[in-house]
Amino acid sequence: MHNLPDFMTLWDYQDPAASAEHFHALLPEARAADLQYELELLTQIARTHSLRRQFAEAHQLLDELEPRLTTATPRARLRALLERGRCFNSAGDKASAKPLFEQAWQLGLKQGEEFLAIDAAHMVAITAPLEEQSRWHQLAMTLAERSQDERARGWLPSLYNNQGWTLFELGRLAEARASQQKCVAWHEQHNNQAKAFIARWSLARLTRAQGLHEQAMGELKQLQADMPSASTPEDGYLFEELGENALALDDPATAEYFARAWFLLSQDGWLQANEAERLARLKRLAKL
């Protein structure tokens, strides 16, 4: 066996170029030590390309390693399927991505690679039509909840959150709430107050969707009070929700909440590029 590091600990998904440098630096030692490790590392380099929207480079690298995949490198084959699928998905081609993720799910189950099988099911849900997504989330959750592998179980909060929002979109609000409550409980049990804050915000959003505006206001104001202990900076989405509920309740503080929401969220480049109407509405309701 080799003494090479777990390359997954070297990932910085916010900086794929830096991750690529780490992976390339490992390649010479990997080539000398372990074929499967080398091939798995190459799949992650391909992923750094797709995250930078360098899709041709990602596909080329996956094409080059494909002939080297054998029965002796089963996990590398599984990762290659995942990264090929992710490359298609990132390029907007869900139709090509979905069957690759479904293959990876079956292969992961067959190989007993629970962490990667859950990754595959999670990706199938991302590429599936809304009416299919909940079933795939549930398959992944069931596998994670039964697993003795801590890495596989580590998928659970993301899966609870994703299932919650899928059920929200399907109008199954009580089930969505139960899923988000599991997400909150996980983060609180693991003492991650910042992520618990986000999950609690999701619960308040569900409360509003159920028409329980006074209850939602109570949940949101408690969140606001808890921001310092959660080490959470002032949050525009929190103020947006306060504004929406205040609007429904004809609260005199409505414009104040929307003004704070607009000030914070209008600084977000993604929202500026993709949610101009939303920002314009916040500004209008803020009476600015």
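These numbers were taken from a predicted model, which means no experiment stands behind them.
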Inset, instruction - Report the C-alpha separation of Lys195 and His190 in whole Å, then their side-chain angles, then the decisive distance to 0.1 Å, and conclude whether the side chain to side chain contact (heavy atoms under 4.5 Å, CB included) test is met. - result: CA-CA 10 Å; Lys195 289 189 175 179; His190 291 80; over 6 Å; no
Legend entry - Residues Glu219, Gln215; criterion side-chain hydrogen bond (donor to acceptor under 3.5 Å, both in side chains); working and verdict: CA-CA 6 Å; Glu219 292 171 2; Gln215 180 181 329; 3.0 Å; yes
Quick one, [X] and [Y] - any side-chain contact, counting heavy atoms below 4.5 Å?
X	Y	answer
His187	Gln193	no
Leu223	Asp235	no
Glu66	Leu69	yes
Leu173	Leu167	no
Leu159	Ile118	yes

Inset, instruction - Take Arg260 and Glu256 through the test salt bridge (Lys or Arg N to Asp or Glu O under 4.0 Å) and record every step on the way to the result. - result: CA-CA 6 Å; Arg260 197 65 192 152; Glu256 180 184 340; over 6 Å; no
Count I, L, V, M, F, W, Y as connected when their side-chain heavy atoms are under 4.5 Å apart, and connections chain through other members. Are [X] and [Y] then in the same cluster?
X	Y	result
Leu41	Tyr13	yes
Tyr160	Trp165	no
Leu242	Phe197	yes

Would you name the heavy atoms of [X] and [Y] that are closest together and state the gap between them?
X	Y	result
Tyr37	Pro5	OH-O, 2.6 Å
Glu102	Val124	N-CG2, 3.7 Å
Glu188	Ala196	CG-CB, 3.9 Å
Met217	Tyr257	CE-CE1, 4.0 Å
Arg151	Phe115	O-CD1, 3.4 Å
Ala121	Trp105	CB-CE3, 3.6 Å

Inset, instruction - Give a yes/no verdict on a cation-pi contact between Arg153 and Trp186, requiring under 6.0 Å between NZ or CZ and the six-membered ring centre and an angle within 45° of the axis. - result: no
Are [X] and [Y] linked by a side-chain donor-acceptor pair shorter than 3.5 Å?
X	Y	answer
Ser158	His122	no
His213	Asn245	yes
Thr48	Gln44	no

Inset, instruction - Take Glu240 and Tyr237 through the test side chain to side chain contact (heavy atoms under 4.5 Å, CB included) and record every step on the way to the result. - result: CA-CA 5 Å; Glu240 182 181 29; Tyr237 296 103; 3.8 Å; yes
Legend entry - Worked verdict on Leu35 versus Arg68 for side chain to side chain contact (heavy atoms under 4.5 Å, CB included): CA-CA 9 Å; Leu35 174 62; Arg68 303 176 64 197; 3.4 Å; yes
Legend entry - Candidate pair Glu40 and Arg77, rule salt bridge (Lys or Arg N to Asp or Glu O under 4.0 Å), full reasoning: CA-CA 8 Å; Glu40 287 187 82; Arg77 181 177 295 283; over 6 Å; no
Inset, instruction - Please check if the side chain of Gln36 supplies one atom and the backbone of Arg75 the other of a donor-acceptor pair under 3.5 Å. - result: yes
Legend entry - Any donor-acceptor pair under 3.5 Å from Thr254 side chain to Asp250 backbone: no
Inset, instruction - Determine, using ring centers only, whether Trp11 and Phe23 are less than 6.0 Å apart. - result: yes
Inset, instruction - Please check if the distance between the ring centroids of Phe239 and Phe263 is under 6.0 Å. - result: no
Solution key, residues 54-62 side-chain donor-acceptor pairs under 3.5 Å, sequence neighbours excluded:
unit_1, atom_1, unit_2, atom_2, d
Gln54, OE1, His49, ND1, 2.6
His59, ND1, Arg84, NH1, 3.1
Gln60, NE2, Glu64, OE2, 3.2

Legend entry - Chi angles and distances behind the side chain to side chain contact (heavy atoms under 4.5 Å, CB included) call for Arg281, Trp262: CA-CA 9 Å; Arg281 177 176 175 274; Trp262 177 82; over 6 Å; no
Legend entry - The single option from Thr166, Asn162, Thr142 passing side chain to side chain donor-acceptor pair (under 3.5 Å) against His137: Thr166
Legend entry - Over 12 foreign heavy atoms within 6.0 Å of CD, Glu277: no
Inset, instruction - Step by step, work out the side-chain hydrogen bond (donor to acceptor under 3.5 Å, both in side chains) result for Gln272 and Asp268. - result: CA-CA 6 Å; Gln272 289 173 12; Asp268 186 310; over 6 Å; no
Legend entry - Derivation and outcome, salt bridge (Lys or Arg N to Asp or Glu O under 4.0 Å), residues Arg52 and Asp15: CA-CA 9 Å; Arg52 289 175 282 173; Asp15 192 348; over 6 Å; no
Inset, instruction - Under the side-chain hydrogen bond (donor to acceptor under 3.5 Å, both in side chains) rule, what do Arg177 and Thr207 come out as? Steps first, then yes or no, please. - result: CA-CA 8 Å; Arg177 190 171 192 84; Thr207 303; 2.9 Å; yes
Inset, instruction - Begin from the C-alpha positions of Arg205 and Glu244 and carry the test salt bridge (Lys or Arg N to Asp or Glu O under 4.0 Å) through to its verdict. - result: CA-CA 10 Å; Arg205 176 66 186 89; Glu244 296 292 355; over 6 Å; no
Legend entry - Criterion side-chain hydrogen bond (donor to acceptor under 3.5 Å, both in side chains) on Glu83 and Ser50, from CA distance to verdict: CA-CA 8 Å; Glu83 300 316 328; Ser50 63; 5.2 Å; no
